Number of protein chains: 2
Amino acid sequence: MLMRPATAAVASQSPRCQVSKSELDINTLVGSMELMGTRISYGRNVEIFGEGEPAEYLYKVVSGSVRSCKLLDDGRCQVTGFHIAGEVFGLELDEEHHFSAEAVNDAVVLVVKRRAIIGLAARDADIARQLWAMTARELQRVQDHMPVLGCMNAKQRVATFLLHMGSSGRNEIELPMSRQDIADYLGLTIETVSRTMTQLESDAAIHLASSRRIVLRNRAALTRLNA
Amino acid sequence: MLMRPATAAVASQSPRCQVSKSELDINTLVGSMELMGTRISYGRNVEIFGEGEPAEYLYKVVSGSVRSCKLLDDGRCQVTGFHIAGEVFGLELDEEHHFSAEAVNDAVVLVVKRRAIIGLAARDADIARQLWAMTARELQRVQDHMPVLGCMNAKQRVATFLLHMGSSGRNEIELPMSRQDIADYLGLTIETVSRTMTQLESDAAIHLASSRRIVLRNRAALTRLNA
DNA sequence: CGGCGCCTTGAACCAAGTCAAGCTCTGTGG
DNA sequence: CCACAGAGCTTGACTTGGTTCAAGGCGCCG
């Protein structure tokens, strides 16, 4: 979180073409982004943008994963969410970013001028709706995370997190983030996250194939914790 | 939170007039709401809408105050935010509510059909932008609250809350909500909130004129806690 | 093979929760 | 006008879950 190899690099840049309504896929915001965007690579733990910086761009994860976070004066950090391939992040109403974003691991990100998108939205109601939809979806995610931080004990937090990571249906989870990231997301310490995982394993609720590879053995048991 | 006198009452209903672009103030969403809405009164602790219910309406506080919250299976509740006169709440992308709203004290609320607003937004880019702006502002508020829940100790949480309540500049704060509401918002217990307030008073940071009337004596000291 | 991140484990400590009184308003009825 | 009841708030004593501090293990890469 503190070390930043600072190795952001432009991987490729598509021609800055004029986008017209007749283009295929133009009615989807993400479709428009593909046409207008620039791809940039970020190394592990490199900052993509910081709190307070001008919000010049909108971002979409192409590969790897990204964390959004709020940094506190004393150095601690609250991760507000993780973003995986296909997800959009860094969307701001305001002219400046109210949180920062960092690459969880080596990541490629598609970058689009924010003003271009907002301009499109002013003319195309469909784009405007998608802009709203993305913000509303993010709001929902964040709201869903508040009871985790405000009400739950460590076991419930970790269980909720694992169930969320395994929501695709597959029981084998490959965590892209470190224990520190998880701790900062769940409002716990690395030690507590680690201990709780071990505890869930001895409860036979999960299996720790390796520190990043986790198998959900008993989803019902994990869900039951929140009762 | 559990007792609900269930005394919601329609206070007045304005004629359901057809709204046209030529109307005064029509380009502001809140202006449109005034024209299209119905006023409803809710008694203290009465539920305005519940999680899972169809999101048929959009709400604006006329007087009193309202809390949005997420209820957990075990009965505990995480208050995600308070809404005072003039603020809009209950805005959902989805067809159903993902959180519930309750009157903190006797409140009058302006209620507008959600589909009517969304319909307006589809035709008027300005309305669409305001819909987005309201959602983005709410997202920002919720994101700002996450480090409070995830990183701060009791003293920092209460101090942050009081500074926020006193952000208008006046040092005399009249709290509309109970200690239980504050506790559910800050992820603490009533006892801890109470104790912490007492502690802040003996630190000469605040003065407790009564349980609901608080005077900020030393804003700098409250701010300093977060260092 | 050695060094360095990252993760796990242990032991001691402490902030916040729990449980249990008791106090202070406020509204109500005698 | 006072007595009473009840809700809401405060305070105290005790308990506990999670943090802190410290050590050791594991795995990856040079």
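Letters go in sequence order (proteins before strands), and every chain restarts at 1. Any value given below was found using the heavy atoms of this structure, including those in side chains, with hydrogens, waters and symmetry copies removed. As the structure is a prediction and not an experimental result, all values here were calculated from the model.
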Given atom [atom1] of [X] and atom [atom2] of [N], what is their separation to the nearest angstrom?
X: Asp74(B); N: dT18(C); atom1: CG; atom2: P; value: 10 Å
X: Met177(B); N: dG8(D); atom1: CE; atom2: C1'; value: 15 Å
X: Asn45(A); N: dG5(C); atom1: CG; atom2: P; value: 12 Å
X: Ile190(B); N: dT11(D); atom1: CD1; atom2: C1'; value: 13 Å
X: Arg179(A); N: dG27(D); atom1: CZ; atom2: P; value: 13 Å
X: Ile182(A); N: dC6(C); atom1: CD1; atom2: C1'; value: 12 Å
X: Leu208(B); N: dG8(D); atom1: CG; atom2: P; value: 19 Å
X: Leu200(B); N: dT10(D); atom1: CG; atom2: P; value: 12 Å

Exercise. Kindly say whether the aromatic ring centers of Tyr185(B) and His145(B) come within a distance under 6.0 Å.
Key: yes
Hey, what are the protein-to-nucleotides 17-23 of chain D N/O distances that come in under 3.5 Å?
from, atom 1, to, atom 2, distance (Å)
dG18(D), OP1, Ala154(A), N, 2.6
dT19(D), OP2, Thr189(A), OG1, 3.2
dT19(D), OP2, Thr192(A), OG1, 2.3
dT20(D), O4, Arg195(A), NH2, 2.6
dC21(D), N4, Glu191(A), OE2, 3.1

Exercise. For Ser194(A), report the nucleic acid contact type (base, sugar-phosphate, nothing); a contact means any heavy atom under 4.0 Å.
Key: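 The answer is base, as Ser194(A) lies within the cut-off (heavy atoms under 4.0 Å) of a base atom.
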Quiz item: When all nucleic acid strands are considered with a 4.0 Å heavy-atom cut-off, which category describes Thr198(A): base, sugar-phosphate, or nothing?
Solution: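 Sugar-phosphate: the residue Thr198(A), judged by heavy atoms under 4.0 Å, touches backbone atoms but no base.
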Quiz item: Looking at residues at least two apart in the chain, or sitting in another chain, which of them share a ring-ring contact (aromatic ring centres under 6.0 Å, His included) with His97(B)?
Solution: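 For His97(B), the residues satisfying ring-ring contact (aromatic ring centres under 6.0 Å, His included) (neighbours in sequence not counted) are Phe49(B).
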Self-check item: Distance below 4.0 Å between Arg44(A) side-chain N/O and dC6(C) OP1 or OP2
Solution: yes
Quiz item: Do Arg67(B) and Asp181(B) touch side chain to side chain, with heavy atoms closer than 4.5 Å?
Solution: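 Yes, their side chains come closer than 4.5 Å.
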Practice problem: Answer yes when Lys70(A) and Glu51(A) have at least one side-chain N-carboxylate O distance shorter than 4.0 Å, and no when they do not. | Solution: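 Between Glu51(A) and Lys70(A) there is a salt bridge, with a charged N closer than 4.0 Å to a carboxylate O.
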Self-check item: Donor-acceptor pair between Asp106(B) and Ser41(B) side chains, under 3.5 angstrom
Solution: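 On atom types as modelled, these side chains do not qualify, holding no pair under 3.5 Å.
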Quiz item: Given Val66(B), which of Ile84(B), Asn105(B), Val61(B) fulfils the side chain to side chain contact (heavy atoms under 4.5 Å, CB included) condition?
Solution: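 The side chain to side chain contact (heavy atoms under 4.5 Å, CB included) with Val66(B) is passed solely by Val61(B) among Ile84(B), Asn105(B), Val61(B).
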Quiz item: More than 12 heavy atoms of other residues, nucleotides or ligands under 6.0 Å from CZ of Arg217(A): is that the case?
Solution: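 Result for CZ/Arg217(A): open.
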